[in-house]
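Convention: sequence-line order gives letters A, B, ...; per-chain numbering from 1.
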There are 2 protein chains.
Amino acid sequence: MGRMPTPSPRPGRPGRPPRLSRAEIVTTARRIVDEEGVAKLTMRRLAREMDSTPMALYHHVRDKEELLLLLLEDFAAHAARPRLPDDPRERLLAAATAMRDLLTQCPWLVEVLTADDLLAPSALWYVEQVVDAAVDCGLTPEQAVRAYRSIWYYTAGELVVRAAAARRRAADARPTYRERVFADLDPAALPRLAALGPRWGELTAEDTYAAGLRALVDGLLPPHRTGAPPTDMDDRHDRQDREDRRDREDRQDREAGE
Amino acid sequence: MGRMPTPSPRPGRPGRPPRLSRAEIVTTARRIVDEEGVAKLTMRRLAREMDSTPMALYHHVRDKEELLLLLLEDFAAHAARPRLPDDPRERLLAAATAMRDLLTQCPWLVEVLTADDLLAPSALWYVEQVVDAAVDCGLTPEQAVRAYRSIWYYTAGELVVRAAAARRRAADARPTYRERVFADLDPAALPRLAALGPRWGELTAEDTYAAGLRALVDGLLPPHRTGAPPTDMDDRHDRQDREDRRDREDRQDREAGE
DNA sequence: GCTAGTTTTCTTACATGTATAAAAACTTGG
DNA sequence: CCAAGTTTTTATACATGTAAGAAAACTAGC
């Protein structure tokens, strides 16, 4: 089929003019993933969809992993960035949560997560917000990076584990291993787990990301200096508005345009 | 080659007598991994090593993933379990750290981690210890399980990310993507990260597992109720002997036999 | 010994990611 | 128009996990 190779194939350029482009590849890949799931995205399928050959793709993309990373970049670039609270601690929590929400929507992420500890360039915005908020909470830049790393480990782990659990559930409920293991626990050797017994399943199904994140952040940041610890269990609405809030808002507004 | 199929092939059993066994498969697989790395462990190679065919393996093992899980089980079963401190908080930290140390030694783990949120049966001992310690710290069993899950996410994430980083380093230092991304950060959009700049690399190389774990546990457990925090930094020897300590020790001793 | 049933093994085949090398489609300089 | 150089595409090939089904090697009943 006659597709435009690319609006401007750079006229004076030597060599065979390209019929494919990274952008088109990513677009097509995304369409396949959106329509039929990431499992259907194979290099051959993608090539066929573009009236090309598998190996032609490899001149635009190093390997499939890079393709998935580009997919993530594309997704992150087009995602709306949330408005973050002013209080630095809440901002940190919100940024981390938003990052996690974003990544949860990317089914191809799991295969990329095991391959790169950082994310697509567009996702770095979230990293920046977390680090910045941590500094505003009183950490040094170095401590803030370490704090971010801990949060990232926690987040990445949650994503990987939950994605795996979902995949396993999808693969028509095979009662493998794990179920068998938990069926016959030795109460003498593992009393706590045996006592939990069948409830383990429902407990691990809970979404505890937010609670765990809060705990982690509690431990990472210097102690709260809010008024009365016992009474402010849910004072997440009272803005303390301590510092340079305006600066940050300006910055955010400028970048929020997508 | 004439190998014993298995000492006792259950004499009265109908059907073709097996030449392979799970145990032998796991043993051979482990040898290959130990000698030449997990990359060399393929179903074909494993079969050849046992004078068999790839598909014969599939009657003893559901798929390669289960094989890797069995490898982990084998490893965990033969690993020495550490003696844990008495203070429940320190015990929790020690158990989690020991678990992580164990898993760090399993190069095949990364491919399994994305597939199962729990581990081999033998590794459940660590889970039990963490949950038990958390309960001793004052959490309800439900809270303890949630706490364990948070710790597991953190631990799994760290393992996955670090393994990926190591793999990337091994694949002859290709300056892909990530490096390029961090080379040209926009200081206006990402001031914190840009300011870190080249130091990001060294900071992410640090091993901060212990610190992050401590922070997480700090946040997960109810506040410390030790007498004078500054003075008893290392009172891990003064047994508080609150509860059934003897029971636990007995239990531990019994199982410590490798 | 023969047949039926059962369990394990083997043969063949397919889809996948991707390495290697050849071919194609251009540009530029003669 | 032709030769050399450059970039993209194609053809072919290989290793991998594993599905499907045939074959082999045994036991029990006749």
Side-chain angles (χ1 to χ4, degrees), chain A residues 1-6 8-25 29 32 36-71 108 111-112 114-115 171-172 174 176, chain B residues 1-6 8-25 29 32 36-69 108 111-112 114-115 171-172 174 176:
Chain A
M1 302 289 160
R3 243 178 309 86
M4 299 279 134
T6 287
S8 74
R10 222 97 64 80
R13 194 123 145 295
R16 179 173 178 167
R19 286 167 33 109
L20 268 44
S21 74
R22 256 169 114 102
E24 281 176 304
I25 290 174
I32 295 175
E36 311 185 41
V38 69
K40 292 289 184 185
L41 178 64
T42 69
M43 299 306 269
R44 283 174 167 85
R45 168 73 190 278
L46 182 53
R48 204 185 324 134
E49 207 94 347
M50 306 187 77
D51 299 315
S52 185
T53 60
M55 293 314 291
L57 300 170
Y58 282 84
H59 247 186
H60 303 267
V61 156
R62 177 190 289 268
D63 50 21
K64 196 182 179 185
E65 183 187 311
E66 182 171 297
L67 175 64
L68 294 173
L69 231 53
L70 289 174
L71 230 45
W108 59 87
E111 313 182 32
V112 175
T114 58
D172 71 342
R174 42 174 179 170
T176 19
Chain B
M1 302 285 162
R3 244 177 310 85
M4 299 280 133
T6 287
S8 74
R10 223 100 61 82
R13 192 123 144 298
R16 179 171 176 168
R19 288 168 30 113
L20 267 43
S21 74
R22 258 170 113 101
E24 281 175 304
I25 290 174
I32 295 176
E36 311 184 41
V38 69
K40 292 288 183 186
L41 179 64
T42 69
M43 299 305 269
R44 285 174 166 84
R45 169 74 189 279
L46 181 54
R48 205 185 323 135
E49 207 94 345
M50 304 187 79
D51 299 316
S52 184
T53 60
M55 292 313 291
L57 300 170
Y58 282 84
H59 246 124
H60 303 267
V61 157
R62 175 189 291 265
D63 50 19
K64 196 181 179 186
E65 183 186 310
E66 181 171 298
L67 175 64
L68 293 173
L69 230 53
W108 59 87
E111 313 183 33
V112 176
T114 58
D172 70 341
R174 43 174 177 171
T176 19

*Measure the distance from CD on A:Glu66 to P on C:dT18 and round it to the nearest whole Å.*
11 Å
*Taking CG from B:Leu46 and P from D:dT16, how many angstroms apart are they, rounded to a whole number?*
12 Å
*Drop me the distance from B:Lys64's NZ to B:Leu69's CG, to the nearest 0.5 angstrom.*
13.5 Å
Tabulate atom names and distances for all N/O pairs under 3.5 angstrom spanning the protein and nucleotides 2-6 of chain C.
residue : atom : partner : partner atom : Å
C:dT6   : O2   : B:Gly15 : N            : 3.4

*Using atom CZ of B:Arg45 as one end and atom C1' of D:dT18 as the other, report the distance to the nearest whole Å.*
20 Å
*Send over the distance from B:Lys64 NZ to D:dA19 P, rounded to a whole Å.*
15 Å
_Partners meeting side chain to side chain donor-acceptor pair (under 3.5 Å) with B:Glu36 (sequence neighbours left out)_ = B:Arg45
*Under a 4.0 Å heavy-atom cut-off, which of residues 36-44 of chain B touch DNA chain C?*
B:Arg44
*asked:* So, taking the atom named OG1 in B:Thr53 and the one named CZ in B:Arg48, what distance separates them when rounded to the nearest 0.5 Å?
replied: 12.5 Å
_With rounding to the nearest 0.5 angstrom, report the CE to CG distance, A:Met43 to A:Asp63._
7.5 Å
*Atom CZ of B:Arg48 and atom P of D:dG17: how far apart are they, to the nearest Å?*
11 Å
*What's the CE-P distance between B:Met55 and D:dG17, to the nearest Å?*
12 Å
*Among D:dT9, C:dT8, D:dT18, find the nucleotide with the atom closest to the side chain of B:His60.*
C:dT8
*Distance from A:Ser52 atom OG to A:His59 atom NE2, nearest 0.5 Å?*
12.0 Å
*Value rounded to 0.5 Å, distance of CD1 in B:Ile25 from OH in B:Tyr58*: 11.0 Å
*Nearest whole angstrom, please: distance from the P of D:dA19 to the CG of B:Leu57.*
13 Å
*Specify the separation, in whole Å, of atom NE2 of A:His59 and atom P of D:dT7.*
10 Å
*Test item: B:Leu67 and B:Leu46 side chains (from C-beta on) under 4.5 Å apart, heavy atoms*: yes
